[in-house]
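First the structure, in the form of structure tokens, and then the observations on it.
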Amino acid sequence: MEKNKFIPKLIAWELTRTCNLDCIHCRASASQGTYEGELSTEEVFRILEEITEVGNPVMILTGGEPLLRKDLLEITEKATSLGLKPVLATNGTLLTREIALELKRAGISRVSISLDGADSSAHDNFRKMPGAFEGALRGIQILKEAGLPFQINTTITAVNAEELPKVHELAKKLGAVAHHIFLLVPVGRGKELTEEALTPERYEALLNWFYEQREKSPLHLKATCAPHYYRIMRERARAEGKEVTYETFGLDAVTRGCLAGVGFCFISHRGIVQTCGYLEVPCGDLRKNTFKEVWEGSEVFNKLRDFSLYKGKCGKCEYIRVCGGCRARAYELTGDYLEEEPLCTYQPKKASLLNQKQV
């Protein structure tokens with residue numbers, strides 16, 4: 001596929017690594033205090049302008065805790081003025097009514113708040129901060145009063161997998177517009193949870209459960225860092241006599257599982273570009289290169305866009321274009337981001353046919 005066919009649809013920007021929490025699964029190992037080398041307001045503005053040269057993606061303003069970035073409103077206004085689509089990812093504990101109204105005025109169209117348990121005991125244990133659950137609920141109430149749509153994000157490990165149905169019901173009760181689940185990728189402090197990762201079989205069962213909620217839930221449901229979901233969606237739809245169309249499945253029908261380097265990228269607080277926040281392979285420095293130069297010229301990006309380079313059963317799989325396997329998990333396990341997804345139970349039919357011929 002030609003380079004210009006790959007357009008960024010989502011960009012996650014770690015505006016700051018400073019955070020008021022110390023969550024056990026944090027990709028960035030973010031904590032309180034200052035981090036050297038943070039991009040200036042002027043540098044952020046320049047990069048936003050460069051991004052518009054290749055697309056007008058949804059800009060996920062994240063951290064750390066982005067509300068600790070003093071120029072957040074200015075950045076949001078700049079992104080909005082350029083035709084980009086800013087959304088905010090926050091833990092919710094620092095929100096006030098005044099901040100929420102200012103964010104809405106500046107152009108934030110949706111806010112995501114993480115709930116990793118359905119009560120304070122489960123959530124606060126995950127977040128390693130007493131009061132985090134109540135703070136998140138308080139933030140959600142403020143968003144509702146300000147008229148800002150919000151979604152609930154939930155990171156899943158073996159520790160809190162049983163909480164998922166309860167968190168889903170809570171998301172509906174709170175009035176969320178969406179529930180997005182994130183399957184743990186063990187990087188940063190998340191490496192400490194490696195032994196508590198879901199087994200491949202539990203992973204598969206959980207994604208099947210999540211699929212089944214589509215008919216029951218008014219919320220938009222999305223599975224992130226869980227590319228198998230897009231294979232499961234097609235398998236289940238076929239078994240139910242459904243066609244995977246935009247009308248039936250919305251955006252899920254026209255996207256793919258792992259978007260790293262294909263329709264998504266990550267920008268660090270220092271301007272380092274990665275294909276995603278979990279695949280810790282630097283692909284460019286926006287203090288030295290333009291965004292377009294990195295997006296179109298990065299060797300890592302271009303390798304991930306060439307599905308013929310994928311290895312193991314991912315390279316043989318008929319779902320390579322709709323799943324792709326988690327490149328970050330492959331890298332963490334093997335040191336090779338083109339290797340097969342380590343948490344997949346599916347056996348590709350192409351591989352089975354090949355084995356039969358060899359026999």
Side-chain angles (χ1 to χ4, degrees), residues 8-21 27-28 30 38-52 55-115 132 135-154 171 174-180 182 219-222 224 250-251 259 263-269 277 291:
K9 303 294 178 61
L10 290 164
I11 296 177
W13 197 331
E14 176 193 64
L15 292 178
T16 182
R17 189 159 284 191
T18 302
C19 189
N20 60 319
L21 302 183
R27 164 200 59 77
E38 191 168 278
L39 293 167
S40 67
T41 305
E42 292 71 24
E43 287 175 311
V44 171
F45 283 8
R46 172 181 58 77
I47 294 167
L48 286 171
E49 291 170 356
E50 291 173 359
I51 288 170
T52 63
N56 61 336
V58 173
M59 299 297 303
I60 306 169
L61 307 180
T62 183
E65 172 48 60
L67 290 176
L68 291 172
R69 175 100 189 198
K70 294 181 180 178
D71 57 359
L72 174 62
L73 289 173
E74 297 171 65
I75 292 170
T76 302
E77 289 170 345
K78 179 67 172 179
T80 301
S81 72
L82 291 169
L84 301 169
K85 306 176 184 72
V87 298
L88 184 71
T90 172
N91 61 48
T93 61
L94 301 179
L95 280 168
T96 65
R97 185 174 184 277
E98 181 182 9
I99 290 173
L101 290 172
E102 286 294 306
L103 289 169
K104 184 178 180 181
R105 180 194 59 77
I108 292 293
S109 57
R110 183 184 292 189
V111 177
S112 66
I113 291 186
S114 293
L115 290 178
L137 292 187
R138 186 167 58 250
I140 287 170
Q141 184 59 36
I142 288 169
L143 293 173
K144 290 171 70 174
E145 291 172 359
L148 253 177
F150 67 94
Q151 71 182 49
I152 299 300
N153 291 350
T154 305
L174 290 171
V177 296
H179 187 194
H180 292 193
F182 293 71
L219 307 182
H220 173 258
L221 306 181
K222 187 173 186 292
T224 299
L251 288 174
L259 290 170
F264 174 86
C265 73
F266 169 87
I267 303 173
S268 83
H269 66 295
F291 182 82

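Just so it is clear, the model here is predicted, and its values are computed rather than measured. The figures that follow rest on heavy atoms only: side chains count, while hydrogens, waters and symmetry mates do not.
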>> For a salt bridge (charged side-chain N to carboxylate O under 4.0 Å, His left out) check, start with the C-alpha distance between Arg46 and Glu50, then their side-chain angles and the critical distance, and finish with the verdict.
In response: CA-CA 6 Å; Arg46 172 181 58 77; Glu50 291 173 359; 2.9 Å; yes
Heavy-atom pair with the smallest gap, counting every atom of [X] and [Y]:
{"X": "Ser109", "Y": "Val87", "answer": "OG-CG1, 3.5 Å"}
{"X": "Leu143", "Y": "Ala100", "answer": "CD2-CB, 4.4 Å"}
{"X": "Ile51", "Y": "Phe291", "answer": "CG1-CG, 3.8 Å"}
{"X": "Ala136", "Y": "Ile113", "answer": "CB-CG2, 4.0 Å"}
{"X": "Arg69", "Y": "Val44", "answer": "NH2-CG2, 3.8 Å"}
{"X": "Val177", "Y": "Pro149", "answer": "CG1-CB, 4.2 Å"}

Which distance, rounded to the nearest 0.5 Å, do you find between the [atom1] of [X] and the [atom2] of [Y]?
{"X": "Leu84", "Y": "Met59", "atom1": "CG", "atom2": "CE", "answer": "6.0 Å"}
{"X": "Phe182", "Y": "Asn153", "atom1": "CZ", "atom2": "CG", "answer": "4.0 Å"}
{"X": "Ile267", "Y": "Leu48", "atom1": "CD1", "atom2": "CG", "answer": "8.0 Å"}
{"X": "Glu14", "Y": "Leu61", "atom1": "CD", "atom2": "CG", "answer": "12.5 Å"}
{"X": "Phe150", "Y": "Ile108", "atom1": "CZ", "atom2": "CD1", "answer": "16.0 Å"}
{"X": "Thr41", "Y": "Lys70", "atom1": "OG1", "atom2": "NZ", "answer": "11.5 Å"}

>> Test side-chain contact (heavy atoms from CB on, under 4.5 Å) on Leu72 and Leu103; report intermediate values, then the result.
In response: CA-CA 9 Å; Leu72 174 62; Leu103 289 169; 4.0 Å; yes
>> Are the side chains of Leu137 and Gln141 in contact, using a 4.5 Å heavy-atom criterion?
In response: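 No, too far: nothing below the 4.5 Å cut-off.
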> Does the side chain of Phe264 come within less than 4.5 Å of Thr224's, by heavy atoms?
Replying inline: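 No - every pair of side-chain heavy atoms lies 4.5 Å or more apart.
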> Knowing that exactly one of Lys222, His180, His220 qualifies, which makes a side-chain hydrogen bond (donor to acceptor under 3.5 Å, both in side chains) with Gln151?
Replying inline: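 Only one option passes, and that is His180.
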>> Please determine whether side-chain contact (heavy atoms from CB on, under 4.5 Å) holds for the pair Thr76 and Leu88, giving the CA-CA distance in whole Å, both sets of side-chain angles, and the decisive distance to 0.1 Å.
In response: CA-CA 9 Å; Thr76 302; Leu88 184 71; over 6 Å; no
>> salt bridge (charged side-chain N to carboxylate O under 4.0 Å, His left out) for Glu38 and Arg17? Distances and angles first, verdict last.
In response: CA-CA 8 Å; Glu38 191 168 278; Arg17 189 159 284 191; over 6 Å; no
>> Walk me through whether Cys19 and Asn91 qualify under side-chain contact (heavy atoms from CB on, under 4.5 Å).
In response: CA-CA 9 Å; Cys19 189; Asn91 61 48; 4.0 Å; yes
>> Is there a side chain to side chain donor-acceptor pair (under 3.5 Å) between Glu65 and Thr18? Walk through the geometry before answering.
In response: CA-CA 6 Å; Glu65 172 48 60; Thr18 302; over 6 Å; no
>> Applying side-chain contact (heavy atoms from CB on, under 4.5 Å) to Arg138 and Leu95, what does each step give before you reach the verdict?
In response: CA-CA 8 Å; Arg138 186 167 58 250; Leu95 280 168; over 6 Å; no
>> If you count heavy atoms of other groups shown closer than 6.0 angstrom to NZ of Lys9, is the number above 12?
In response: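 No, because the 6.0 Å sphere around NZ of Lys9 holds 12 heavy atoms or fewer from other groups.
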>> Keeping Thr80 on the side-chain end and Ala106 on the backbone end, is there a donor-acceptor pair under 3.5 Å?
In response: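 Yes, Thr80 side chain to Ala106 backbone: donor-acceptor pair under 3.5 Å.
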> Hey, is Lys78 close enough to Glu74 for a salt bridge, meaning N to O under 4.0 Å?
Replying inline: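 Judged by the 4.0 Å cut-off on N to carboxylate O distance, Lys78 and Glu74 do not form a salt bridge.
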